[in-house]
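Here's the structure we're looking at; comments come further down.
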Amino acid sequence: MPGRFFRQDISWDDYRETTGLVPPPGIEPPEPAYNIAPSQFVPIIRMAPEGEYVPPGTVQLAPAYWGLIPSWWNKPLSEKKFSTFTARCEDLEFSNTFRRSFRHHRCLVPVSGYYEWTGPQGHRKPHAIGLRERPWFCFAGLWNRAMIDGSEIDTFTILSTRPNRMISDLSSRMPVILKASDHLRWLNADNRKVSDLYAPYPAAEMQAWPVNPAVGNVRHQGAGLIGKA
């Protein structure tokens with residue numbers, strides 16, 4: 001399950017083609033990022049809430065903190081000791097942490113791929129994982145707005161599911177990857193019949209390759225990280 005991912009160039013036209021997204025006026029698309037980790041702010045795609053640059057319900061791109069903070073959390077962020085950068089799709093309807101976001105605040109997380117590490121402790125090797133025919137795609141996610149340390153903050157999590165036969169050699173879980181035709185269906189929180197979207201993405205349409213070990217340090221960035229090691 002991804003603890004890191006990367007995103008290459010995605011144009012506003014690309015975003016619009018699969019989601020109908022309305023870009024923020026006068027703003028360029030987010031720059032590529034090659035070593036995105038939890039606790040960083042990342043662009044997500046969602047149905048806009050009240051008070052945004054587009055009418056409520058319009059598809060927008062917005063920055064959010066990776067690591068969902070549930071609505072009931074009322075302590076300083078430094079006191080949060082439980083991990084919420086991923087959420088098991090099997091648990092969404094029963095989880096106090098994720099249930100409300102599943103029912104009201106779904107999102108897409110645009111990516112070009114993610115990283116997994118394999119091997120014994122101390123000798124683990126990173127691999128990049130992406131899709132063969134798509135330079136970018138979306139994870140299924142959930143977002144929430146919470147009051148943290150006196151300020152409103154938007155946060156998100158990435159859904160995980162069981163692995164396909166390729167990923168099972170690398171990890172016991174994989175992100176929920178959505179086909180472009182299912183983007184709007186996932187964003188429509190009124191639709192609760194989405195369990196079929198949790199199926200592992202077809203292994204034949206994915207690829208994995210060893211990459212630069214420098215990706216293990218979040219301070220390292222650049223396209224060189226995803227080149228074959």
Side-chain angles (χ1 to χ4, degrees), residues 1-19 21 28-45 61-67 83 85-86 107-141 156-180 182-183 200-229:
M1 185 56 214
R4 305 275 181 85
F5 64 88
F6 59 95
R7 186 190 62 255
Q8 297 175 278
D9 269 319
I10 307 174
S11 70
W12 287 135
D13 286 341
D14 291 334
Y15 285 120
R16 273 192 293 257
E17 184 178 358
T18 65
T19 65
L21 181 148
E28 294 295 318
E31 294 183 353
Y34 291 91
N35 204 351
I36 299 168
S39 302
Q40 294 181 1
F41 279 85
V42 178
I44 62 170
I45 299 170
L61 195 77
Y65 174 94
W66 187 9
S83 173
F85 66 91
T86 63
C107 67
L108 305 169
V109 184
V111 308
S112 296
Y114 69 100
Y115 301 107
E116 289 286 4
W117 277 257
T118 61
Q121 197 66 32
H123 300 279
R124 293 172 64 77
K125 297 181 179 180
H127 291 73
I129 300 167
L131 302 189
R132 293 184 182 278
E133 304 297 334
R134 291 169 61 187
W136 74 280
F137 52 96
C138 287
F139 296 150
F156 77 97
T157 189
I158 294 169
L159 268 58
S160 76
T161 187
R162 66 188 189 280
N164 61 32
R165 66 179 183 274
M166 185 191 84
I167 301 302
S168 63
D169 291 334
L170 302 172
S171 176
S172 61
R173 303 286 292 179
M174 68 179 290
V176 174
I177 298 173
L178 298 174
K179 295 183 180 297
D182 289 320
H183 286 171
Y201 204 83
E205 298 179 30
M206 301 183 69
Q207 59 182 337
W209 64 97
V211 293
N212 193 328
V215 73
N217 188 325
V218 296
R219 289 176 295 180
H220 293 153
Q221 290 288 341
L225 291 178
I226 62 172
K228 290 191 176 181

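Treat the numbers as computed from the prediction; the structure is a model and nothing was measured.
- Here the closest heavy-atom approach between residue Ile129 and residue Glu116 is recorded as CD1-CG, 3.6 Å.
- Residues Phe5 and Pro110 come closest through the heavy atom pair CE1-O, 4.3 Å.
- Contact between Val42 and Arg7 at its shortest, heavy atoms only, is CG1-NH1, 4.3 Å.
- Distance check: Asn212 CG to Lys125 NZ gives 13.0 Å after rounding to the nearest 0.5 Å.
- When all heavy atoms of Gly3 and Pro38 are compared, the pair lying nearest together is O-CD, 3.0 Å.
- Atoms SG and CD1, from Cys138 and Ile44 in turn, are 11.0 Å apart once rounded to the nearest 0.5 Å.
- Of the residues listed (Leu131, Asp14, Asp9), the one engaging Trp136 in a side-chain contact (heavy atoms from CB on, under 4.5 Å) is Asp14, and it is the only one.
- Under a cutoff of 6.0 Å and an axis angle of 45°, Lys179 and Phe137 do not form a cation-pi pair.
- Taking a 6.0 Å sphere around CD of Glu205, one finds it holds more than 12 heavy atoms contributed by other residues, nucleotides or ligands.
- Atom OH of Tyr114 sits about 15.0 Å away from atom CZ of Arg4, to the nearest 0.5 Å.
- The aromatic rings of Phe156 and Trp66 sit parallel to each other, their planes meeting at less than 30°, with 60° as the upper class boundary.
- Two residues are said to be in side-chain contact when any heavy atoms from C-beta on lie closer than 4.5 Å; Leu108 and Phe139 fail this criterion.
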Practice task
Would you check, one step at a time, whether the test side chain to side chain contact (heavy atoms under 4.5 Å, CB included) holds for Tyr15 with Ile45?
Solution key: CA-CA 9 Å; Tyr15 285 120; Ile45 299 170; 3.8 Å; yes
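- Nearest heavy atoms, Ser172 versus Pro163: O-CD, 3.1 Å.
- Pairs engaging residues 156-165 under the side-chain hydrogen bond (donor to acceptor under 3.5 Å, both in side chains) rule: Ser160-Arg173 [sequence neighbours left out].
- Side-chain atoms of Arg132 and Gln207, non-hydrogen and from C-beta on, do get closer than 4.5 Å to each other.
- Residue Met206 comes nearest to Ile177 through the heavy atom pair CE-CD1, 3.8 Å, listed as atom of the first residue, atom of the second, then distance.
- Between atom CE of residue Met166 and atom OG of residue Ser171 there is a gap of 11.0 Å, rounded to the nearest 0.5 Å.
- With contacts defined as side-chain heavy-atom distances shorter than 4.5 Å, the pair Ile158/Phe85 does not qualify.
- Of the listed residues (Thr18, Asp13, Thr19), just one forms a side chain to side chain donor-acceptor pair (under 3.5 Å) with Arg16, and that residue is Asp13.
- Once rounded to the nearest 0.5 Å, the distance linking NE2 of His183 with SG of Cys107 reads 11.5 Å.
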Listed pairs under 3.5 Å, donor-acceptor, residues 221-229 side chains, sequence neighbours left out:
residue : atom : partner : partner atom : Å
Gln221  : OE1  : Tyr34   : N            : 3.0
Gln221  : OE1  : Asn35   : N            : 3.3
Gln221  : NE2  : Asn35   : O            : 3.4

Problem - Val215 and Trp117: CA distance, side-chain angles, deciding distance, side chain to side chain contact (heavy atoms under 4.5 Å, CB included) verdict - result: CA-CA 10 Å; Val215 73; Trp117 277 257; 3.6 Å; yes
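- Inter-residue side-chain proximity for Pro30 and Pro43 is flagged as met; some heavy-atom pair is nearer than 4.5 Å.
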